[in-house]
There are 2 protein chains.
Amino acid sequence: MKNNSSYYVFFSHLSNPLKMRLILELQKSPKNVNQLTSSLRVEQSKISHALSSLKQCNIVSVKPEGKQRIYSLNSRMILPMLKLIDTHANKYCNCETCGEIQCSAKN
Amino acid sequence: MKNNSSYYVFFSHLSNPLKMRLILELQKSPKNVNQLTSSLRVEQSKISHALSSLKQCNIVSVKPEGKQRIYSLNSRMILPMLKLIDTHANKYCNCETCGEIQCSAKN
DNA sequence: TCTTCATATGAACCACAATTCATACGTATT
DNA sequence: AATACGTATGAATTGTGGTTCATATGAAGA
């Protein structure tokens, strides 16, 4: 492990409900900002801000296309992580706190 | 995946420098609170607060021993995650932001 | 070049998580 | 039972990241 802090920023993304939703949405297929705002029903600037920090951490990448900007997931990076999250965290995350949170309702 | 929000709390621990340090320290061997405060050079109440939330999320567990409380890492849960972090995030986390953070210096 | 559409950006604001500090609790020792 | 030690806890404060809103940018079309 490079140094203890290398992953701090990385995990802060996964601990953000909106960013996590973006990741999962982009996992299905690349999308532009408008598509994301409407499918997640979240305000445009929120989406843009979130995408910008995801991009900075190499989790997503952009491709301009006309006036649109197509965002896509850097699958090679994040997919193994998502898979592990699915098997492991899913198995062990049984604390009450986790259950209470309803991120989809908020963001 | 159970629901999008199940992992929110879980990852919020990994995105916290102090908690991450605790995890890494406990990975070496189980320790009591005093040992943790002195090896990480962090105030006792900070450690206690952090440990308490890690415990709530099943990341660590406690065993009372006299007046001490021995904390240990729930390796089966967290180790595969740490391993994946090591191989993957290490490879892709090259953004400037990540490099700037010096968690060991702060917490 | 003017307008429109798609997106980004900055700054003020707000919410929540972390820190701090004082104190309480529990266990052992005398 | 009184004290000391190890740890936990609560409440007030601080700090940080997320939200909001207004506005800027940039590309395309008229």
Side-chain angles (χ1 to χ4, degrees), chain A residues 5 8-23 26 30-57 60-72 95 97-98 100-107, chain B residues 5 8-23 26 30-57 60-72 95 97-98 100-107:
Chain A
S5 65
Y8 166 75
V9 176
F10 180 75
F11 284 113
S12 72
H13 295 308
L14 302 185
S15 71
N16 178 316
L18 174 57
K19 291 179 187 166
M20 193 62 173
R21 292 181 66 205
L22 281 168
I23 289 173
L26 289 175
K31 292 185 179 59
N32 65 41
V33 179
N34 253 336
Q35 294 173 310
L36 288 169
T37 61
S38 58
S39 59
L40 299 188
R41 301 183 165 277
V42 172
E43 201 199 347
Q44 179 260 319
S45 75
K46 268 192 182 183
I47 300 277
S48 279
H49 280 298
L51 284 172
S52 133
S53 68
L54 286 175
K55 180 160 65 75
Q56 200 181 225
C57 207
V60 303
S61 40
V62 213
K63 184 172 52 140
E65 200 162 278
K67 17 184 176 177
Q68 268 126 258
R69 295 177 146 242
I70 317 292
Y71 281 86
S72 57
C95 64
T97 325
C98 297
E100 287 166 8
I101 294 168
Q102 294 296 336
C103 86
S104 43
K106 285 187 65 181
N107 299 280
Chain B
S5 65
Y8 167 75
V9 176
F10 179 75
F11 285 113
S12 72
H13 295 308
L14 301 185
S15 71
N16 177 316
L18 174 55
K19 291 179 188 167
M20 194 62 175
R21 291 181 68 204
L22 281 168
I23 289 173
L26 289 175
K31 292 186 179 58
N32 66 40
V33 178
N34 253 336
Q35 293 173 311
L36 289 169
T37 61
S38 60
S39 60
L40 299 189
R41 301 183 165 279
V42 172
E43 200 199 347
Q44 178 260 318
S45 74
K46 266 192 181 182
I47 300 278
S48 280
H49 279 298
L51 285 172
S52 133
S53 68
L54 285 176
K55 179 160 65 74
Q56 200 183 224
C57 208
V60 302
S61 39
V62 212
K63 183 172 55 140
E65 201 162 278
K67 19 184 175 177
Q68 269 126 258
R69 295 177 146 242
I70 316 291
Y71 281 86
S72 56
C95 63
T97 325
C98 297
E100 285 166 10
I101 294 169
Q102 293 297 334
C103 85
S104 43
K106 286 187 65 179
N107 300 279

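Order of the sequence lines fixes the chain letters, A, B, ..., with proteins taken first and strands second; residue numbering starts at 1 for each chain. In this text, all values refer to a predicted model and were calculated from it rather than measured experimentally.
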Tell me the interatomic distance from [X], atom [atom1], to [N], atom [atom2], rounded to whole angstroms.
X: A:Met20; N: D:dG18; atom1: CE; atom2: C1'; value: 18 Å
X: A:Ile70; N: D:dA27; atom1: CD1; atom2: C1'; value: 14 Å
X: B:Leu14; N: C:dA18; atom1: CG; atom2: P; value: 12 Å
X: B:Leu36; N: D:dT7; atom1: CG; atom2: C1'; value: 12 Å
X: A:Glu43; N: D:dA22; atom1: CD; atom2: P; value: 10 Å

Would you tabulate the pairs of protein nitrogen or oxygen atoms and nucleotide nitrogen or oxygen atoms of nucleotides 8-10 of chain D closer than 3.5 angstrom?
from: D:dA8; atom 1: OP1; to: B:Tyr71; atom 2: OH; distance (Å): 2.5
from: D:dA8; atom 1: OP2; to: B:Ser48; atom 2: OG; distance (Å): 2.8
from: D:dA8; atom 1: N7; to: B:Gln44; atom 2: NE2; distance (Å): 2.8
from: D:dA8; atom 1: N6; to: B:Gln44; atom 2: OE1; distance (Å): 3.4
from: D:dG10; atom 1: O6; to: B:His49; atom 2: NE2; distance (Å): 2.7

Gap between atom CG of B:Leu14 and atom CZ of A:Phe10 - 0.5 Å precision:
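A:Phe10 CZ to B:Leu14 CG: 10.0 Å, rounded to 0.5 Å.
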Could you tell me whether the phosphate oxygens of [N], OP1 or OP2, come under 4.0 Å of any side-chain nitrogen or oxygen in [X]?
X: A:Lys67; N: D:dG26; value: no
X: A:Asn16; N: D:dG18; value: yes
X: A:Asn32; N: C:dA6; value: no
X: A:Asn34; N: C:dC5; value: no

Side-chain contact test, heavy atoms from C-beta onward, threshold under 4.5 Å: evaluate it for A:Ser53 versus A:His13 and give yes or no.
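Yes - at least one pair of side-chain heavy atoms lies under 4.5 Å apart.
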For a quick test of reading the model, state the closest non-hydrogen atom pair linking A:Leu26 to A:Lys31 and the distance between them.
CD2-N, 3.8 Å
For B:Thr37, side chain to side chain contact (heavy atoms under 4.5 Å, CB included) partners two or more places apart:
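Scan of B:Thr37 (side chain to side chain contact (heavy atoms under 4.5 Å, CB included), adjacent residues dropped) gives B:Val33, B:Asn34, B:Gln44, B:Ile47.
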Those residues that, when tested against B:Pro64, pass side chain to side chain contact (heavy atoms under 4.5 Å, CB included) (two or more places apart):
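Result, side chain to side chain contact (heavy atoms under 4.5 Å, CB included) vs B:Pro64: none returned.
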B:Ile70 vs B:Val62, test: side-chain contact (heavy atoms from CB on, under 4.5 Å). Steps then yes/no.
CA-CA 5 Å; B:Ile70 316 291; B:Val62 212; over 6 Å; no
Of the options C:dC21, C:dT7, D:dT7, whose atoms approach the side-chain atoms of B:Gln68 most closely?
D:dT7
